[in-house]
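Right, one structure below, let's go through it.
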Amino acid sequence: MTYRAPKGTDDILPPASAAWVEAERVFFDLAERYGYGLTLTPMFESTELFSRGIGEDTEVVEKQMYTFVDKGGRSVTLRPEATASVVRAVIQAGGVVGTFKGFYWGPMFRYERPQKGRRRQFSQAGIEYLGEPDPGADVEVIELGYRYLQELDVPNVEVRLNSIGDAADRSEYRKRLIEFLESRRDDLSEDALRRMYDNPMRVLDSKADADAVAGAPTPADFLSSEAADHFAGVRAGLEEADIPYRIVPTLVRGLDYYNRTVWEYVPLDFEAAQSSVGGGGRYDPLFEMLGGKPTPAVGVAMGLDRILLARNEAAQKPLLDAYVILADPDRRTEATEFVRRLRDAGLRADRTVGDRSVKAQFKAADRARAAYALVVGEEWDEGRVTARDLATGEQFSVALEEIETWLKR
RNA sequence: GUGGCCGUAGCUCAGCCUGGUAGAGCGCCUGGUUGUGGUCCAGGAGGUCGCGGGUUCGAACCCCGUCGGCCACCCCA
């Protein structure tokens with residue numbers, strides 16, 4: 001094999017790509033029904049945009065960024081996520097007036113060792129609700145992500161929810177957590193010991209330390225009354241919206257710009273080390289960190305690659321409505337015009353261009369996953385074609401003037 | 001970054017231990033069926049055995065190196 005796709009990247013070809021087309025349509029439609037507008041930003045940004053706000057874990061995270069120096073000597077980075085870009089774009093455009101509701105869709109890049117559901121280029125669909133401090137915004141965003149998974153038939157999804165409080169709550173919590181970890185020093189892994197002072201919250205979701213940290217204090221124990229009220233509002237809203245959720249006190253975020261609500265979507269039947277198919281959080285501090293006016297914000301990002309892996313295997317839907325089969329070479333011109341007519345009517349139609357046996361043309365129709373084969377032969381002179389249902393083998397004689405409505409019925 | 005497993009036909013893999021001129025199933029093409037796919041039967045095409053080096057009369061097979069894939073750890077903005 002001379003050339004292959006770069007490590008950790010995937011080619012998406014038909015017929016498998018049909019699932020991607022569907023996922024995109026469903027997302028665009030859903031986001032627009034909730035009042036969000038398409039928000040497109042560059043796939044690369046100045047490196048500083050991403051390293052700012054990442055905070056304590058900068059070194060680790062920069063190892064996972066696709067960073068390079070361009071011909072003008074600028075350090076740029078392929079976007080590892082979209083939130084920073086969207087916020088930057090909104091600040092650049094003058095900031096939020098009232099509220100801003102945007103959605104995006106596209107590839108993101110992280111330099112990591114690939115495994116199931118973890119690629120170097122991967123796709124996310126996300127939404128950002130900017131300028132709204134009310135817990136109703138959190139609820140709407142959580143709901144939208146949940147609805148998306150439902151509409152794509154991802155089975156058995158659990159919403160895991162937590163509140164990590166505001167900055168002041170977290171620094172108090174952090175102190176107490178470090179004290180706790182120090183008391184368990186002997187039971188902790190080497191990694192945990194190394195990280196307990198720079199990013200202690202991350203120790204909570206280390207697999208190796210699950211037993212040692214059982215009983216550790218959790219962020220929820222340190223919420224200010226404002227943060228606690230907000231969290232209560234989110235929970236009440238989810239119950240009203242009939243979104244099932246589970247509070248997971250150890251669910252945290254490593255980055256400084258998150259506050260209060262954080263959540264993840266986990267399909268319980270999806271077996272992979274990388275099990276979350278999406279997640280979000282409130283990030284009220286981010287605007288100021290990026291030089292904008294203080295602006296409350298909440299958003300979610302859905303991982304398309306994992307969602308498509310976790311989906312119920314969709315029944316193989318036809319990719320074409322009709323495949324025209326030329327049974328009589330003398331009617332080639334008519335058959336060509338017939339295909340064009342079907343396409344003009346909005347139907348997905350195709351045919352074999354060259355001179356092939358009827359048998360070979362049927363085979364091609366089958367492979368193209370057409371719903372019907374339409375035979376153009378001697379019946380054409382009577383103004384009819386033979387329509388064969390390729391799934392059942394049933395055949396019908398259909399008048400030409402009715403064929404479009406017949407196929408669409 | 002660390003570890004385990006794996007690279008042989010388009011795909012999934014057997015052969016490797018015990019070196020002797022490369023196999024199966026599926027897929028593909030043709031025919032049986034001069035207008036019928038998906039089933040059945042017959043025939044056929046298709047491979048620098050990931051790459052480089054070494055050992056040997058001889059290497060898919062043994063040795064060394066290298067590249068790639070998968071999964072887990074790690075990380076998860």
Side-chain angles (χ1 to χ4, degrees), chain A residues 1-10 45 49-65 77 79-87 108-119 122 124 126 189-192 194-195 199 202 205-209 251-258 262 264 271-281 283 286 289 299-301 303 306 316 323 325-329 331 352 356-380 385-395:
Chain A
M1 184 105 18
T2 318
Y3 296 111
R4 4 180 357 114
K7 187 180 180 114
T9 66
D10 298 299
E45 297 269 3
L49 176 69
F50 299 120
S51 55
R52 178 86 49 97
I54 278 176
E56 296 153 335
D57 250 353
T58 298
E59 268 178 57
V60 178
V61 170
E62 279 187 353
K63 272 187 202 160
Q64 293 178 19
M65 299 204 302
T77 295
R79 62 181 184 191
E81 54 127 1
T83 299
S85 297
V86 170
V87 169
M108 311 290 160
F109 306 85
R110 295 179 193 174
Y111 189 87
E112 301 185 274
R113 281 282 284 271
Q115 64 184 70
K116 188 173 185 182
R118 184 168 85 180
R119 318 297 297 158
F122 58 100
Q124 286 189 336
S189 68
E190 216 172 288
D191 278 334
R194 183 169 46 74
R195 305 173 67 200
N199 203 347
R202 273 285 160 208
D205 51 22
S206 156
K207 289 181 190 179
D209 297 291
L251 180 65
V252 294
R253 283 284 186 276
L255 302 199
D256 285 348
Y257 62 69
Y258 282 103
V262 296
E264 286 179 358
E271 290 186 9
Q274 316 293 322
S275 56
S276 160
V277 297
Y283 50 93
L286 183 58
M289 292 170 79
V300 69
R306 289 183 200 167
Q316 298 256 304
Y323 201 97
I325 285 171
L326 181 64
D328 174 1
R331 282 176 251 261
T352 300
R356 307 295 305 280
S357 70
V358 170
K359 182 186 173 113
Q361 294 181 66
F362 264 96
K363 224 166 176 168
D366 192 46
R367 230 180 336 233
R369 281 164 61 182
Y372 286 92
L374 304 181
V375 180
V376 173
E378 43 197 38
E379 61 269 57
W380 184 267
V385 291
T386 302
R388 180 181 176 90
D389 182 326
L390 288 173
T392 67
E394 279 180 285
Q395 299 206 158

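Since the model is a prediction, treat every value here as computed from it, not as a measurement. The analysis underlying the following values was restricted to heavy atoms, covering all of them including side chains, and did not include hydrogens, waters or symmetry mates. Chain letters run A, B, ... following the sequence lines, proteins first, then strands; residues in each count from 1.
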[X] side-chain proximity, nearest of [options]:
X: A:A208; options: B:C70, B:C74, B:A77; result: B:C74
X: A:Q115; options: B:U36, B:C71, B:C75; result: B:C71
X: A:R388; options: B:U36, B:G69, B:A77; result: B:U36
X: A:E112; options: B:G1, B:G37, B:C75; result: B:C75

Complementary nucleotide of [N], counting Watson-Crick and G-U pairs under 3.5 Å:
N: B:G1; value: B:C73
N: B:G25; value: B:C11
N: B:C49; value: none

Please list, chain by chain and in numerical order, all residues satisfying side chain to side chain donor-acceptor pair (under 3.5 Å) with [X], sequence neighbours excluded.
X: A:S276; result: none
X: A:Q395; result: A:R388
X: A:Q124; result: none

Rounded interatomic separation in angstrom, taking [atom1] from [X] and [atom2] from [N]:
X: A:Q124; N: B:C76; atom1: CD; atom2: C1'; value: 10 Å
X: A:L326; N: B:U36; atom1: CG; atom2: P; value: 14 Å
X: A:D389; N: B:G37; atom1: CG; atom2: C1'; value: 12 Å
X: A:D328; N: B:U36; atom1: CG; atom2: P; value: 14 Å
X: A:K207; N: B:C74; atom1: NZ; atom2: P; value: 6 Å

We want to know whether A:T77 and A:E45 form a side-chain donor-acceptor pair, criterion being a heavy-atom distance below 3.5 angstrom.
no
Most 5' of A:Y111 and A:Q395 on RNA chain B, judged by nearest nucleotide
A:Y111
By nearest-nucleotide position on RNA chain B, the 5'-leaning member of A:T386 and A:A391 is A:T386
Using the P atom as the point on both nucleotides, what is the distance between B:C26 and B:G44, in whole Å?
16 Å
Work out how far the P atom of B:G23 is from that of B:U39, and round it to whole angstrom.
27 Å
Once salt bridge (Lys or Arg N to Asp or Glu O under 4.0 Å) is applied, do any residues pair with [X], and if so which ones, sequence neighbours excluded?
X: A:D10; result: A:R119
X: A:E264; result: A:R253
X: A:D328; result: A:R331

Does the pair A:Q274 and A:K116 meet the rule for a side-chain contact (heavy atoms from CB on, under 4.5 Å), with working shown?
CA-CA 7 Å; A:Q274 316 293 322; A:K116 188 173 185 182; over 6 Å; no
If you take atom types as modelled and just measure distance, does the side chain of [X] reach the base of [N] with a donor-acceptor pair under 3.5 Å?
X: A:R113; N: B:C74; value: no
X: A:D366; N: B:G37; value: yes
X: A:R202; N: B:C76; value: no

Test side chain to side chain contact (heavy atoms under 4.5 Å, CB included) applied to A:R356 - qualifying residues, sequence neighbours left out
A:T352, A:A360, A:Q361
In numerical order, the residues of residues 370-380 of chain A whose heavy atoms come under 4.0 Å of RNA chain B are A:V375, A:G377, A:E378, A:E379
Looking at A:K116, does any N or O in its side chain come under 4.0 Å of the phosphate oxygens OP1/OP2 on B:A72?
no
Given protein heavy atoms under 4.0 Å, the one-letter contact record of nucleotides 26-31 of chain B, with B base, S sugar-phosphate only and - none, is simply --SSS-
When every non-hydrogen atom of A:K207 is compared with those of A:A273, the smallest separation belongs to NZ-O, 4.1 Å
